[in-house]
Amino acid sequence: MSAKAEVYVAELNDLAPGERRIIADAGRSIGVFNTGSQIVAVLNICPHAYAPVCLGKISGTTLPSKPGEYIWGRENEILRCPWHGWEFDLHSGQCLTDRRRLKRFPVTVRDGRIYVEV
């Protein structure tokens with residue numbers, strides 16, 4: 001088994017809430033996102049049809065509410081696949097409508113710099 005390594009992504013101040021960076025490491029494409037409350041890294045492959053999911057729209061979603069009432073929330077926490085619109089919770093990797101999930105990578109913020117463990 002190979003040892004894990006850290007890959008430098010960006011300065012924390014250079015990745016504002018709602019923004020992303022896509023990095024490459026050992027032939028893999030990894031999206032790094034600032035949701036506003038957390039820095040998240042996911043493999044740039046949609047588990048549905050292998051699309052480059054990290055190129056999709058970052059948004060929010062409707063929250064549980066009464067019939068006829070629509071409450072919007074979780075802005076910058078939902079990633080929508082650009083091919084078929086599947087939506088994923090960036091904090092957990094879980095698809096909002098299916099059991100599939102995005103592969104996540106550990107992220108460390110140290111001395112104002114973002115690193116992903118690969």
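Positions are given from 1 along the sequence. This one's a predicted model, so the numbers in the text were calculated from it and none came from an experiment.
When atom types are taken as modelled, the side chain of Arg20 and the backbone of Cys54 share a donor-acceptor pair closer than 3.5 angstrom. Distance alone, capped at 3.5 Å, is enough to place a donor-acceptor pair between the Arg104 side chain and the His91 backbone. Put simply, the side chain of Glu19 gets close to the backbone of Ala16: a donor and an acceptor are under 3.5 Å apart. Side-chain atoms of Gln94 come within 3.5 Å of backbone atoms of Asp98 as a donor-acceptor pair (strictly under, hydrogens ignored).
Geometrically, Arg110 engages Tyr115 in a cation-pi contact defined by less than 6.0 Å to the ring centre and at most 45° from the axis.
In the displayed structure, Tyr70 atom OH is contacted under 6.0 Å by at most 12 heavy atoms of other residues, nucleotides or ligands.
Applying the ring-ring contact (aromatic ring centres under 6.0 Å, His included) test to Phe105 and every residue at least two apart in sequence or in another chain returns nothing. Not counting sequence neighbours, the partners of Leu96 by the side chain to side chain contact (heavy atoms under 4.5 Å, CB included) test are Thr61, Ile78, Glu87, Asp89. With sequence neighbours left out, the side chain to side chain contact (heavy atoms under 4.5 Å, CB included) criterion links Val7 to Ile23, Asp25, Val118. Applying the ring-ring contact (aromatic ring centres under 6.0 Å, His included) rule to His84 yields the partners His48; only residues at least two apart in sequence or on another chain are considered.
Considering only heavy atoms from C-beta on, Leu15 comes within 4.5 Å of Arg21 through its side chain. Side-chain contact between Pro52 and Ile45 is absent, with no heavy atoms from C-beta onward closer than 4.5 Å.
The distance from atom CZ of Arg101 to atom SG of Cys95, rounded to the nearest 0.5 Å, is 10.0 Å. Rounding to the nearest 0.5 angstrom, the gap separating the CD1 atom in Ile39 from the CG atom in Leu12 is 5.5 Å. The CH2 atom of Trp83 sits 9.0 Å away from atom SG of Cys46, with the distance rounded to the nearest 0.5 Å. Considering CD1 of Ile114 and CG of Asp14, their distance stands at 8.5 Å, rounded to 0.5 Å. A distance of 6.5 Å separates CG in Leu102 from CG in Leu79, rounded to the nearest 0.5 Å. Interatomic distance, Glu69 CD to Leu63 CG, rounded to the nearest 0.5 Å: 10.0 Å.
The minimum heavy-atom distance between Asn76 and Pro17, with the atom names listed, is ND2-C, 4.0 Å. Heavy atoms only, all atoms of each residue included: Gly93 and Phe88 are closest at O-CD2, 3.6 Å. Closest of all the heavy-atom pairs between Ser59 and Arg80 is OG-NH2, 3.7 Å.
As a member of the Ile/Leu/Val/Met/Phe/Trp/Tyr network built from side-chain separations under 4.5 Å, Ile22 groups with Leu55.
Here Glu77 pairs with Arg74 in a salt bridge; the nearest charged N to carboxylate O distance falls below 4.0 Å.
Following chains of ILVMFWY side-chain contacts shorter than 4.5 Å, one can reach Ile58 starting from Val42, so the two form part of one hydrophobic cluster. Grouping the Ile, Leu, Val, Met, Phe, Trp and Tyr side chains by contacts below 4.5 angstrom, directly or via other members, places Leu43 with Val116.
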Report task. Evaluate the side-chain contact (heavy atoms from CB on, under 4.5 Å) criterion for residues Val40 and Thr35: first the C-alpha distance (whole Å), next the side-chain angles of each, then the deciding distance (0.1 Å), finally the verdict. Result -> CA-CA 8 Å; Val40 178; Thr35 68; 4.1 Å; yes
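Residues in residues 10-38 take part in no ring-ring contact (aromatic ring centres under 6.0 Å, His included) pair, two or more places apart or across chains.
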